[in-house]
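Each remark here refers to the structure printed beneath this line.
Below, chains carry the letters A, B, ... as their sequence lines are ordered, and counting in each starts from 1. Everything numeric in this text was worked out from a predicted model, so none of it was measured.
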Amino acid sequence: MGEIRIQNVWKYFGKAKVPALKDVTLTIQDREFMVLLGPSGCGKTTLLRCIAGLEYPERGRIFIGGRDVTDEPPRKRTIAMVFQSYAVFPHLTVFENIAFGLRMQKRPNEEVKQRVIKAADLMRIGAYLERYPAQLSGGQRQRVAVARGLVMEPQVLLMDEPLSNLDALLRLQARAELKRLLQEVQTTTVYVTHDQIEALSMGDRIAVMENGAIIQADIPSQVYEHPSSHFVGGFIGTPPMNFMRGTISRTNGTAALAVGNQFIHAALPANAPAGQELLMGIRAENIEASLQPVPDAIPGQVLVVEPLGSHLLLTVEVGETPLKVQTRVDFAVQPNQTVYLRLDPKQLRWFDPETGLRYEPEPSPL
Amino acid sequence: MATPQVTGDALASNMLAPPAANRSFARSRERALPFLLLVPSALFLVIFFAVPMVQALILSIHSPDGAWTLQYFERMVRDVNFTDAVRNTFLIILVAIPLQFLFAIVMGLLLQNKLRGSSLFLYFWAIPLAVSDLAAGLVWLAIFGDRGFVNSFLRTTGIAPIAFSWLSYENYGTLLMAVVIAEVWRATAIVMVIVVAGLQLIPPDYMEAAEVFGASRWQRIWHVQLPLIRPSLQVALILRTILAFQVFAVVIALAGRAMPVLASEAYNRYGELNPNGAAAYAFLILTISLITTIVYLIVLRTSEEEMGQ
């Protein structure tokens with residue numbers, strides 16, 4: 001079926017041999033919706049193009065449906081692709097655009113007609129079949145591009161930022177619709193985006209990429225709640241995860257994280273030795289702010305108050321680190337006021353400040 | 001609508017004027033700018049093309065004694081060379097232009113689809129662009145002349161010991177062939193440049209989409225590249241055909257008077273101190289060119305929907 005296996009793929013660009021993909025290994029299950037997420041230049045589109053056959057990796061193998069397609073041209077790979085620019089042919093009508101792949105396969109006219117109409121109806125562009133792309137809106141062109149892919153009934157559907165050229169309102173609508181559609185057709189889908197909201201809301205799994213490597217591939221909630229690195233936590237979420245750098249101190253049997261001259265008493269990772277430098281991560285919604293001092297809370301000064309409709313977003317300075325804190329909309333606070341922050345001990349994440357990776361303490365010597 | 005006058009006073013008062021007036025002044029100036037930029041080329045066209053064209057028209061229907069007349073056209077049509085000139089001109093166009101386009105498209109596609117060493121070929125193939133008509137004719141005269149390269153090659157290799165007159169009036173077929181070859185050699189390059197420019201305008205996404213959706217190299221050329229360069233081909237075709245109706249120097253160099261064409265007849269009339277007769281020919285060439293252009297525009301028109309994106 002439509003399983004994709006990517007094994008130790010390397011790809012270099014240019015004479016300087018700049019690696020665009022570094023030893024990427026990833027298995028995408030049959031019928032899975034996998035999102036490749038990362039900032040621009042992280043290699044996500046290159047990886048997609050390698051799966052498509054528009055780029056060939058220098059090292060490694062790519063399997064689609066159990067078949068080694070590494071050296072095969074795109075047209076032998078039973079894939080379909082939606083391009084960021086849509087690449088809808090301007091000289092063909094909507095009908096002929098959708099029919100393009102079937103025409104190349106020289107399918108009988110009757111079959112082409114049936115399948116094109118079915119795909120067009122699915123994408124709700126059945127009324128525009130005789131129009132030229134120039135007569136369509138951006139959203140309609142995007143649907144033509146998707147219909148052109150779906151009509152092929154491909155093993156794998158590849159999408160390269162298909163929503164990034166739509167305006168914000170349309171994008172929201174198209175996102176939900178695309179998700180519904182892909183659940184309906186159940187095609188293995190690889191979806192490239194730099195928009196983490198899109199990734200969280202659509203993907204069965206998210207593969208986060210940085211500098212040509214996949215640094216975490218997991219279900220959205222896991223990527224959000226348990227980022228594998230400083231980078232992932234800082235990239236995903238609005239606002240991104242808060243980070244504080246400190247040193248473990250153990251005095252008189254109580255452990256704390258020393259940040260500057262402040263001690264944060266929190267659930268520290270067990271076995272972390274005293275003197276260990278750590279990066280603590282916590283999300284805005286896992287910090288509880290109150291106006292009165294409460295036990296285990298750390299004081300901070302409010303810098304900015306941003307009402308966001310459903311909640312308030314505070315920027316609170318603790319020591320010299322600004323933290324984003326989410327509070328109820330009726331939390332009465334003014335800038336420059338002192339608030340007391342309680343960090344949910346279960347939601348603290350720990351990272352190695354040097355590598356940025358999740359901190360795994362050495363097992364304690366017994 | 002009055003054109004805004006840019007004087008010191010106007011500028012000063014505009015600076016003091018309320019913003020609305022200022023805006024409308026800026027807007028009308030903005031509107032005038034494109035026309036101002038067109039003035040130099042328009043002047044050039046009027047002085048060197050429109051005026052001589054009208055003069056030629058008058059010359060062709062106005063005799064020196066001051067009477068309006070069609071006698072120059074009558075004489076032109078009854079001239080012994082007239083049918084030959086028309087036939088030769090059309091024959092050269094009918095054979096040379098399809099060949100030019102065929103070669104230009106093939107060369108353009110080879111360059112664009114990046115076959116090995118293709119950028120070198122672009123420069124190589126563009127050389128004829130820099131050679132003047134007459135020089136091109138002379139180059140091919142050196143090849144096809146009685147003592148030219150072809151004949152000396154045939155003699156030294158012993159294939160044909162007796163020189164063959166490729167360019168003689170008696171060998172009309174080879175004479176036409178030589179003229180067509182020279183024309184193709186000379187003018188394919190400009191078509192190729194237009195084709196390459198057109199191909200380069202095609203966003204690479206279209207070719208990749210075609211590839212992903214199963215198009216082979218040939219199918220990509222046929223279903224994507226060729227349809228998308230149609231506007232470029234149309235421009236090249238109009239340009240080439242109009243210029244081909246004026247084919248002259250190459251023919252004169254290779255055939256002398258052995259192959260009359262429309263432009264050479266005009267030239268000969270002028271040489272015979274008959275400017276009115278020359279003007280009649282010139283006017284005929286103009287009329288044919290105009291009609292062909294209009295026919296092309298109607299037949300090859302690409303709808304705006306198809307071109308837009």
In Å and rounded to the nearest 0.5 Å, what is the CD1 to NE2 distance from B:I229 to A:H91?
11.5 Å
Around A:Y128, counting heavy atoms of other residues, nucleotides and ligands shown, do more than 12 lie under 6.0 Å from its OH?
no
For B:A210 against A:F100, the heavy-atom pair lying closest together:
CA-CE2, 3.7 Å
Rounded to the nearest 0.5 Å, what's the gap from CG on A:D160 to CD on B:E208? Could you check?
9.5 Å
Student check: side-chain heavy atoms of B:V212 and A:R75 closer than 4.5 Å
no
Quick one: what part of A:I79 sits under 4.5 Å from any heavy atom of chain B, side chain, backbone, both or neither?
both
Any chance you could measure A:F89, atom CZ, to B:L228, atom CG, to the nearest 0.5 Å?
8.0 Å
More than 12 non-hydrogen atoms from neighbouring residues, nucleotides or ligands closer than 6.0 Å to CD on A:E184, yes or no?
yes
Atom CG of A:L169 with >12 non-hydrogen neighbours under 6.0 angstrom:
no
Side chain, backbone, both or neither: which part of A:R131 has a non-hydrogen atom closer than 4.5 Å to chain B?
neither
Does any non-hydrogen side-chain atom of B:H223 lie less than 4.5 Å from one of A:M104?
yes
Rounded to the nearest 0.5 Å, what's the gap from CE on A:M81 to CZ on B:F213? Could you check?
9.0 Å
